[in-house]
Amino acid sequence: SKGGEEMVPSLPHFLEFLESRNPAIYYEEQFGILGKIYYQLGFYELYSSWWYMILISLIGISLVICSIDRVVPLYRALKMQKPKRHETFINRQRFYSESPNVTDKEMKQVIKRLEKLRYNVKNDDGHILAEKGRFSRWGPYVNHIGLIIILIAALLRMTPWLYLDDYVWVREGEQVVIPGTENKYYIENKEFILEKYDKNDEQFKDALELIESRGGEVHKNYQTNVVIYENMDASIPGTEPKLEKLLEGEVWMNNPLKFDGYTLYQSGYQQNEFSSMSFKIHGTNDLDEEALETLSIDLTSSAIETEYEFESGFRVVIDKYYPDYELEDGEPRSKTKFPRNPAFVFFVYPPNNNDPEISFLAIGQNIDATGENEYKLSIVDFETRFASGLTLRKDYTLPIFGLGALIFMIGVVQGMYWQHRRIWIHPKGEGVLLAAHTNKNWFGIKKDIEKVIFDTNINMVVDQQDIEGNKKDKGDENE
């Protein structure tokens, strides 16, 4: 864009900070010792800080220890279950009943019904153990395995070959290396497109006026047309890049560009960054400001040209250059290295004169340092360009996260929707003792027992927990 257009800053301050400031210096400068502690603890990059990684590791270690401590005894207890148990064990179960007269025919009928309900029935000399849903007991430990895999995936995000989240700024017409790719890939900004809503469109008019009244700005679209190049000599250090075009595409909001495992997202932009400025030398007292000489400064170069000589004998030297000028405690400085608000200290040497005239020149400022300059520099024109901010991501840890989440959910379903049910039938004289236990859903196992003992002489179990509770309540009443 050409000079004279309105300068509208549109880049969020945070993104500008990321681009221009070193956090190791910034936090201490701005907040003193608290800022230094904040930086050293890694709060500025919370999820990649050393203490966060240690915390994740400790959680994983605790899960492993907890699982081993409980899984081994549980495995042994479940594997070594025997149908023949002591009578004391039987009558201590929550569901319990005694039946004085039970025939062999009835016992066979009960066993058959248990098997029909998919119980695994074991018979040891008339002692019966019917069990089903044992695998539900492993649900919490399957959850632990899923969580451990998720924690491993979080730790693997510290490795650059599995996870990358970086930011690249590329100006219109500029070609830069893509950070985090070890100089293997380059990106060129062919064109940046910014589209605004029509203020006269009745559909958006009221909303746009409301947003503008609050100092906001909404754009219809902003996109970058890019070319991705691959450096064929990236593995050879010190060589000039040998670039081959990999692909060309467009990146806009919610339309990322993918290449070789990487994904580029349109994340921000800087509007109207200066690319060049033109100046003229004229007499200080010349009301017409007739140009004696003109010069143009290319601001896109990392090292701008600092000296200009003319056939007329004039010589101009740029003594100081502030790409992004601001005053801090009365001292001029540059906020960033990018030409967003350029300012210059010029030495103008008139013909046949070795004593320079010093001028300070910025947007809206033209200061004669001594007040005695015979010649003056003025801005004639300038050109601006867009800088596009693109987020670069590579994430090979997502499948690992997905695997961990899937295993975790299997454990949740396994533990929630199945129950470990056990029914013991203990022969005693001509009758039997019946007991049952489950880790949850006592109503369900009670219904199973009703089905298997239907039309037999085996008495229905009673809930001894309720009986003990009633006895306690009666004792409280008597007191």
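Hydrogens, waters and symmetry mates play no part in the numbers below; they use all other heavy atoms, side chains included. Note that the structure is a prediction, hence the values are computed from the model and not measured.
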* Once the angle between the rings of W442 and H437 is folded into 0 to 90°, is it parallel (under 30°), tilted (30 to 60°) or perpendicular (over 60°)? ->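 W442 and H437: perpendicular rings.
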
* Parallel, tilted or perpendicular for F279 and F346, by the 30°/60° rule? -> perpendicular

Quick one: are [X] and [Y] in side-chain contact, heavy atoms under 4.5 Å?
X: W138; Y: V71; result: yes
X: E293; Y: Y308; result: no
X: Q175; Y: L243; result: yes
X: K132; Y: N120; result: no
X: I228; Y: L257; result: yes
X: N341; Y: I363; result: yes
X: F338; Y: W169; result: no
X: I178; Y: Y262; result: no

Pairwise distance [atom1]([X]) to [atom2]([Y]) - rounded to 0.5 angstrom:
X: W418; Y: N441; atom1: CH2; atom2: CG; answer: 13.5 Å
X: D448; Y: R421; atom1: CG; atom2: CZ; answer: 4.5 Å
X: I59; Y: L151; atom1: CD1; atom2: CG; answer: 6.0 Å

For the side chain of [X] and the backbone of [Y], is there at least one donor-acceptor N/O pair under 3.5 Å apart?
X: Q223; Y: E250; answer: no
X: Q266; Y: G268; answer: yes
X: N231; Y: Y186; answer: no
X: E182; Y: A234; answer: no
X: W51; Y: L41; answer: yes
X: N143; Y: V412; answer: yes
X: S275; Y: E383; answer: yes
X: T284; Y: Y375; answer: yes
X: T370; Y: E372; answer: yes
X: K376; Y: E289; answer: no

* Can you find a side-chain donor-acceptor pair between N373 and D368 that sits under 3.5 Å? -> yes

* Decide, yes or no, whether a salt bridge links E131 with R422 under the criterion of side-chain N to carboxylate O below 4.0 Å. => no

* Identify whether the distance between the nearest side-chain nitrogen and carboxylate oxygen of K394 and D166 falls below 4.0 Å. => no

Does a sphere of radius 6.0 Å around [atom1] in [X] hold more than 12 heavy atoms from other residues, nucleotides or ligands, not counting ones at 6.0 Å or beyond?
X: K280; atom1: NZ; answer: yes
X: K440; atom1: NZ; answer: yes
X: I54; atom1: CD1; answer: yes
X: E290; atom1: CD; answer: no

Does [X] have its ring centroid less than 6.0 Å away from the ring centroid of [Y]?
X: F386; Y: Y222; result: no
X: F360; Y: Y325; result: yes
X: Y38; Y: F31; result: no

* To do: Using the side chain to side chain contact (heavy atoms under 4.5 Å, CB included) rule, take R333 and E331 through it: C-alpha gap first, then chi angles, then the decisive distance, then the call.
  => CA-CA 6 Å; R333 63 183 293 273; E331 295 292 328; over 6 Å; no

* Asked: Is it the case that R393 places NZ or CZ above or below the six-membered ring of Y265, under 6.0 angstrom from the centre and within 45 degrees of the axis?
  -> yes

* Nearest non-hydrogen partners of I297 and I318, listed with the distance -> CD1-CD1, 3.6 Å

